[in-house]
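Reading through the structure tokens given below for one structure.
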Protein chains: 4
Amino acid sequence: MSEHEDEQLVGEYPSLPKQKRSQQKRDALLESGRALFIEKGYEQTNAKEIASHAGVATGTFYRYFTDKRQLMMSLLEDQLEKLLPPEPNWTNVDPESFFATLLEQHYKRLNRLGLHRVLPELLLKDSQLAEVVAEARNKIHARILMSLKNAREQGIIWDDLDLDTVSWSIMVLSDKIPEKMTECGNQVDYCELAKVICRLVFPPDVLQQLKLNIK
Amino acid sequence: MSEHEDEQLVGEYPSLPKQKRSQQKRDALLESGRALFIEKGYEQTNAKEIASHAGVATGTFYRYFTDKRQLMMSLLEDQLEKLLPPEPNWTNVDPESFFATLLEQHYKRLNRLGLHRVLPELLLKDSQLAEVVAEARNKIHARILMSLKNAREQGIIWDDLDLDTVSWSIMVLSDKIPEKMTECGNQVDYCELAKVICRLVFPPDVLQQLKLNIK
Amino acid sequence: MSEHEDEQLVGEYPSLPKQKRSQQKRDALLESGRALFIEKGYEQTNAKEIASHAGVATGTFYRYFTDKRQLMMSLLEDQLEKLLPPEPNWTNVDPESFFATLLEQHYKRLNRLGLHRVLPELLLKDSQLAEVVAEARNKIHARILMSLKNAREQGIIWDDLDLDTVSWSIMVLSDKIPEKMTECGNQVDYCELAKVICRLVFPPDVLQQLKLNIK
Amino acid sequence: MSEHEDEQLVGEYPSLPKQKRSQQKRDALLESGRALFIEKGYEQTNAKEIASHAGVATGTFYRYFTDKRQLMMSLLEDQLEKLLPPEPNWTNVDPESFFATLLEQHYKRLNRLGLHRVLPELLLKDSQLAEVVAEARNKIHARILMSLKNAREQGIIWDDLDLDTVSWSIMVLSDKIPEKMTECGNQVDYCELAKVICRLVFPPDVLQQLKLNIK
DNA sequence: AATGAATGAGCATTCATTCAT
DNA sequence: TATGAATGAATGCTCATTCAT
């Protein structure tokens, strides 16, 4: 079992590549790593494969990364933040179409990154990574929660639901519904999902009002 | 990488154990497998460890299972069905406390089985398994959906939401919210979560009425 | 670079072999390790070769030893003590023939063990081992020195030489002369070497007297 | 494992460096090689490290040397001869102080070169090198032996010892005593060692006489 | 049936050497 | 000439699986 308590998240590169060509190779390795992790799973992928998929020799992998794990970390660091949702201004938008668009974008982004499919496997054995991911999730959750609090002050959302639970629900529905439905062979209807999420937030009459305000 | 396209789901046991002692060993192996998969992850656990944790020799493992994978399959087969929710009769229960109880039980069951933590890792590389799980999920989904359809005929639920989406939402919220909140260090309040789920289903006034009917 | 500060000299076996066959395999591995270390040098020998020379699979090597290093340590531990010279009683023996016999035995033993040829290489990089060997050498040196001190009290050895230096000289001559001469293609004449060593210890007239006393 | 049976001892330089800069680089590489071989052992040192220690690129190493081995050879060739002891004129010197000085110088030189610490490792696997070293040792031995023979003709040394054995003893004591004593944590007293060596050569009364002759 | 020693293919990693720049 | 990134064969070690006892 490998030990890595004292490493930073991404750590030093074995040697910092300075030339253009180098950066290209590093990128190719990252991209190949991502593709293979998603395709076959983290554990099922090895450094040799990543290298050969990237069109470089095995040894080259180790010039740029100390480890399969470090490559994974680099991938995550780059991209976890990109998942932060934009701050909505509820009075200016049709919440349903706002959410529908947001959901679709979000899921496309998730799919592009793809790493969410390998995360569960990793979180189980890399508690350091688990922390990083938990922190990122908490950040997203906090932003949603704040949004909801503002909305409540404006009196435009249900007043009998616990906002913390609502925001976690929104997160989970955004992340997992498309995943589960796809897994089970169904198509995701982002509009319907948006409606469901809106129902968690807005009483139907308020929602109606908001829609009217825009036009 | 082992090939197993043509195998059945669980396959023949290398020899069908008919005697008590045998059955005990098989059970011990299953239990040890489950414990270790949950504790360390599927990939990180090996047959030798499972055997020694179960107090038998390595070779004995292979008398009862062809494979770590087959043991996993057996674990899943046994237990996926147990997750089917009971058919509720909405006119007889307070939906909120019904859901709260259901959720808590469900999550406790999930935790007892524990395997949901290893599933994502497996689904990625074992499409046969993925199908089994998808089927089980679809079964649960179908039952929830039917419930909702009955309720709609009774006119007691929102009439503008897509029932398919709603039932997926209920499933996902039941499965994932507790997981995510625990991962991120929050306590789950099953009552609040039940209220949120109820809001997806029942208009507040109907819910009020249902509660009154009981008493 | 491997870390092994906290290990004992030989350490735990990966698993203690209890059966006869096992012990035979372990012995075969030790013997093959010794033969190959001597033949090709420590660094030039790898676990796979040792295993195949011993007629077992690579993995079997690792059942009995954690490491090439551990095998080496086992070899040394067994045998360093065997090099302790017997305590001589100068009044009972002809020193020259005593030394001649001793030298020949000693060198044959060294050659049988053979490990002295690989030691210098190891001492350079394994300070823990270096300590063990230094300790063993000091033990031998101490015994020789004590012998000499007794002899000096009996007034039978040169009184103007530093006994510490003399005993180191005896050790070095015993160990290294045969080695160097062989390396350079000369035959060792143990009788002549014994005479030289005796000259370091006994004045010629005393030696004469000692020889007479015996007969 | 590289093959080099058909190479000459040192071989052609990949390109004969004629310019100053080149010679400086070559020297820097030699010096770095020596330093690292001594510090970490021959096997533990690689070309990349030598190059980087010498402040040049990896590839540059291979412009000047075909091999780590060739660099080693160059180091040895340069310096083995330097170990030749001067021809003493016994009638002009105090043998004890002559030897004491000689020993100290010799050991300092050995330490400066340092390579004697890596030699044993190399001799084992490079029989060509072993020959070179054996030849150098034989040369030194021959010179000592000749010295002793002259002295014997002058009747100033023990007449009952085998001169061949004595000269090997002198060599071994000169080379190894300081090494062993240092290894075992003792200080070397060159004067005492000189006295011991003198005892191997000169009868005490002759030595006394030689000392008197000088003053 | 049960055991656990033995197997050897497979993976992560290193490093001597080459070669495009 | 000089560079250092790239190469890929070789090494140490693991582990799923077999099989003699």
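Fair warning: this is a prediction, and the values are worked out from it, not measured in the lab. In what follows, chains carry the letters A, B, and so on, assigned in the order in which the sequence lines appear, proteins first and then strands, with residues in each chain numbered from 1.
One atom, CZ of B/Arg69, and another, P of F/dT17, lie 11 Å apart when rounded to the nearest Å. As rounded to whole Å, 18 Å separates atom P of E/dC11 from atom CG of A/Leu71. Atom CE in B/Met72 sits roughly 16 Å away from atom P in F/dA16 (whole-Å rounding). Atom-to-atom, CD of B/Gln24 to C1' of E/dA2 comes out at 15 Å; the value is rounded to the nearest Å. Between the C1' atom of F/dG12 and the OH atom of C/Tyr42 lies a distance of 12 Å, rounded to the nearest Å. Atom CD of D/Gln44 and atom P of E/dC15 are 10 Å apart (whole Å). As rounded to whole Å, 6 Å separates atom P of E/dA2 from atom CZ of B/Arg63. Note: CG (D/Leu29) to P (F/dA2) measures 10 Å, nearest angstrom.
When all heavy atoms of D/Thr60 and D/Lys25 are compared, the pair lying nearest together is CG2-CD, 4.4 Å. When all heavy atoms are compared, the tightest approach of C/Glu49 to C/Gln44 is OE1-O, 3.5 Å. The heavy-atom pair separating B/Tyr64 from B/Leu29 by the smallest distance is CD1-CD1, 3.8 Å. The nearest pair of heavy atoms linking A/Arg34 to A/Glu31 is NH2-OE1, 3.1 Å.
Taking A/Ser32 as the reference, A/Ile50, A/His53, A/Ala54 meet the side chain to side chain contact (heavy atoms under 4.5 Å, CB included) condition, with sequence neighbours excluded.
A cation-pi arrangement is present between B/Lys68 and B/Tyr42 under the rule of less than 6.0 angstrom and at most 45 degrees off the ring axis.
Residues D/Phe65 and D/Leu30 form a side-chain contact, since some pair of their non-hydrogen atoms from C-beta on lies under 4.5 Å apart. The closest side-chain heavy-atom distance from A/Asn46 to A/Leu36 is not below 4.5 Å.
For the helix from E/dA2-F/dT21 to E/dT21-F/dA2, the angle separating the two terminal helix axes comes to 10°, with each axis derived from five pairs and the value rounded to 10°.
A heavy-atom distance below 4.0 Å to DNA chain F is reached by these residues of residues 45-60 of chain D, ordered by number: D/Val56, D/Ala57, D/Thr58, D/Gly59, D/Thr60.
For the pair B/Tyr64 and E/dA1, the criterion of a side-chain N or O lying under 4.0 Å from OP1 or OP2 is not met. Distances shorter than 4.0 Å separate some side-chain N or O of C/Lys25 from OP1 or OP2 on E/dA6.
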Candidate pair A/Phe37 and A/Leu75, rule side chain to side chain contact (heavy atoms under 4.5 Å, CB included), full reasoning: CA-CA 11 Å; A/Phe37 288 159; A/Leu75 285 173; 4.1 Å; yes

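Taking the side chain of A/Tyr62 as heavy atoms from C-beta on, and the options E/dT17, F/dA16, E/dT14, the nearest nucleotide is E/dT14.
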